[in-house]
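Notes follow once the structure below has been shown.
Chain identifiers are assigned alphabetically (A, B, ...) following the order of the sequence lines, protein sequences preceding nucleic acid strands; residue numbering begins at 1 within each chain.
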Number of protein chains: 2
Amino acid sequence: MSKMPTVKDVAEYAGVSVGTVSRVLSGEVAVKPLLREKVNGAISALGYRPNVTARALRTSRTDVIGLIVPDITNPFFAQLAASVERAALECGHSLMLASSHDDRGAERSHVSAFLDRSVRGIIVVASSDSSGLHLEAPVPIISLDRRFGTFPLVSTHHARAAGLIADHLYGLGHRRIAYIAGPPDTEAGRMRKGGFVNRINGFGKIGEPVELEIVDGKFDYESGERIARDLLLRPPQDRPTAIAAASDQQAIGALRAARDLKIDVPRKLSVTGFDDISLANLVVPRLTTIRQPADKLARRAVALLLEESSSTRDEMVDGSLIIRSSTGPCVRAKVNIAG
Amino acid sequence: MSKMPTVKDVAEYAGVSVGTVSRVLSGEVAVKPLLREKVNGAISALGYRPNVTARALRTSRTDVIGLIVPDITNPFFAQLAASVERAALECGHSLMLASSHDDRGAERSHVSAFLDRSVRGIIVVASSDSSGLHLEAPVPIISLDRRFGTFPLVSTHHARAAGLIADHLYGLGHRRIAYIAGPPDTEAGRMRKGGFVNRINGFGKIGEPVELEIVDGKFDYESGERIARDLLLRPPQDRPTAIAAASDQQAIGALRAARDLKIDVPRKLSVTGFDDISLANLVVPRLTTIRQPADKLARRAVALLLEESSSTRDEMVDGSLIIRSSTGPCVRAKVNIAG
DNA sequence: CTGAAAGCGCTTACAG
DNA sequence: CTGAAAGCGCTTACAG
């Protein structure tokens with residue numbers, strides 16, 4: 001394979017200057033049709049492809065977007081990453097991916113590495129212990145799903161969405177509810193819990209009171225399974241009739257605990273999640289949850305990043321309640337009577 | 001924020017030439033300790049960071065590895081991507097990620113995009129319909145898990161691993177077995193099926209014969225669920241006593257089908273998967289499967305890519321059998337007597 | 001509208 | 001061992 005052709009080769013072939021070649025390439029400046037045609041002819045004759053690196057050096061701008069996620073193995077983040085990649089591609093950009101393993105140090109060093117490569121901008125789904133520190137960066141940085149530093153955040157309106165779950169459970173008659181929260185040091189964890197709790201407490205004022213128990217956990221399967229097991233190991237009359245979890249993974253862990261303890265879902269216990277990962281629709285029973293619009297979130301994050309006026313405003317998009325078969329009417333009263 | 005310092009600034013500050021700065025940066029050439037010290041002093045005083053783009057333009061070499069996967073949302077590929085990212089990082093490289101959505105066209109265009117960015121090399125987990133086409137590339141390309149074109153492949157020894165499953169099931173007494181295969185147009189699908197079938201047929205020669213039924217499918221949940229349902233909808237005496245699936249996702253789909261039909265696993269039916277995705281250990285019952293050593297696979301792929309002498313040999317690493325509770329002794333005979 | 005030329009920030013023969 | 005200089009492949013004022 002011979003050397004790749006350069007603008008110079010194209011210019012010679014077309015009988016014009018390299019400046020002209022560059023100008024038809026950019027398409028931004030007017031070039032006489034005749035020359036333009038010659039240049040385009042030369043480009044395809046030679047199979048010319050612009051050297052992205054040289055262009056980047058000259059303009060100190062690339063079309064690469066850096067994405068940092070805590071753990072690509074987490075199904076929701078994987079979905080988010082897939083959506084970001086698609087959104088970036090739609091705008092002619094490529095994606096560099098890094099995993100922080102939920103470690104703040106790794107996160108920071110990935111940011112520097114991206115900056116060294118002069119990416120176009122960085123989207124970060126923050127690690128859970130991400131500080132509020134603001135760092136100066138020569139390119140835009142956007143927080144996605146979880147806030148990074150003080151950078152603008154694109155996320156689901158967690159509180160409002162959690163309220164949807166509260167409504168659903170209350171509407172089904174549940175009055176003894178446990179909430180498995182996310183880590184309190186994550187904004188998402190706090191928002192979801194806050195939204196749920198406020199809504200439930202609101203019912204107490206205008207309707208029947210609800211006994212609400214809250215346990216903080218991590219967002220993963222194990223945490224959900226462990227906490228649910230503790231909750232369900234109690235005598236039936238002390239058990240919650242519904243468990244709302246802050247993530248699908250927790251909820252699926254809870255489902256597993258219920259099954260191990262032979263507690264029928266949804267007959268004896270309702271369980272809800274949050275995220276609508278693809279697995280939510282595959283577990284038994286299928287999980288009632290909140291769908292986070294990953295595509296929309298990703299598209300907004302990319303759009304904000306590419307926007308000229310680096311906006312500094314957060315952006316919230318609404319999640320939607322997906323009712324499946326892990327929730328049902330509360331039958332606790334009957335059980336008590338029978339027992 | 002002022003402009004980033006360059007080698008020139010460092011050289012001036014240290015009172016040396018830019019060549020010398022570059023030489024201490026590279027560390028490859030001997031530089032007098034005194035000068036080296038001065039330069040290093042200047043570097044930290046100025047907070048100098050080399051411009052990766054300029055370096056790439058000059059050397060036409062970067063430290064970016066391109067990875068193409070069919071679908072990052074697939075848990076096994078996510079695991080693979082995480083491992084590749086880690087392995088790349090260990091070697092001081094960054095990762096660019098692209099999804100082919102199992103589309104050959106997209107795959108090819110991602111390869112070109114990576115080439116345009118003059119990545120150091122490309123690792124591709126091929127789409128299922130990847131052709132045998134060999135393309136000339138100025139950088140090494142390695143196939144991971146599924147072969148891309150004619151490029152060397154790093155993968156689990158699928159056939160041998162599938163044999164492990166066959167041994168396990170046969171040892172448990174199963175003599176009527178169904179195999180849910182992967183797409184026959186994937187090498188992994190064919191190897192796994194081949195390894196399983198050969199092993200089972202071998203038993204027929206030296207021991208009791210096995211009734212083996214094979215159904216081709218895709219690697220996903222839905223495919224497994226659908227095929228298993230068809231298999232299990234038959235009257236009990238015509239049903240297989242064990243279903244071996246070519247992927248965990250298929251197996252989890254099969255588990256779901258069994259549960260819907262109230263067929264007890266593993267009492268009435270054994271189910272096995274392949275991959276050991278994290279979910280395999282969380283479903284009910286926990287899935288017996290083959291662990292693919294994602295870390296090792298990734299590390300080998302990266303090592304091969306970075307190797308000087310572009311090796312052209314395939315590399316197989318052994319998978320291991322993980323026995324959990326979705327498999328058990330065959331009790332078919334008893335069932336028949338009872339019925 | 002177009003060409004000639006400078007320069008982005010490095011690395012690396014080439015002399016010495 | 002070190003410096004001066006060329007050049008990687010582009011883009012973009014600057015003239016005309």
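Listed by first and then second residue, the salt bridge (charged side-chain N to carboxylate O under 4.0 Å, His left out) pairs that reach into residues 15-26 of chain B come to none, sequence neighbours excluded. Listed by first then second residue, pairs satisfying side-chain hydrogen bond (donor to acceptor under 3.5 Å, both in side chains) with a partner in residues 56-67 of chain B read R117(A)-D63(B), not counting sequence neighbours. For residues 84-93 of chain A, the salt bridge (charged side-chain N to carboxylate O under 4.0 Å, His left out) pairs, not counting sequence neighbours, are R86(A)-D295(A), E90(A)-R299(A). Evaluation of the salt bridge (charged side-chain N to carboxylate O under 4.0 Å, His left out) test over residues 37-56 of chain A, restricted to residues two or more places apart or in two chains, returns R49(A)-D116(B).
The only option from I65(A), L304(A), L305(A), V119(A) that meets the side chain to side chain contact (heavy atoms under 4.5 Å, CB included) definition with P140(A) turns out to be L305(A).
Residues meeting the salt bridge (Lys or Arg N to Asp or Glu O under 4.0 Å) test with R36(A), sequence neighbours left out: none. Applying the salt bridge (Lys or Arg N to Asp or Glu O under 4.0 Å) criterion to R146(A), with sequence neighbours excluded, gives D102(A). By the salt bridge (Lys or Arg N to Asp or Glu O under 4.0 Å) test, R120(A) pairs with no residue at all, sequence neighbours left out. In terms of the ring pair (Phe, Tyr, Trp, His ring centres under 6.0 Å) criterion, Y13(B) has no residue partners (sequence neighbours excluded). Remark: T20(B) engages S17(B) in a side-chain hydrogen bond (donor to acceptor under 3.5 Å, both in side chains) (not counting sequence neighbours).
Looking at residues 32-47 of chain A, you'll see K32(A), L35(A) sit with a heavy atom under 4.0 Å from some atom of DNA chain C.
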query = How would nucleotides 6-11 of chain C be written as a contact map, 5' to 3', with B for base contact, S for sugar-phosphate-only contact and - for no contact, using protein heavy atoms under 4.0 Å?
reply = BBBBBB

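With both ends at atom C1', the span from dT12(C) to dG16(C) equals 16 Å, rounded to whole Å.
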task = Go ahead and write out DNA chain C as dot-bracket, 5' to 3': ( ) for pairs within the strand, [ ] for ones crossing earlier pairs, | when the partner sits on another strand, dots for unpaired; Watson-Crick or G-U wobble, both distances under 3.5 Å.
result = |||.||||||||.|||

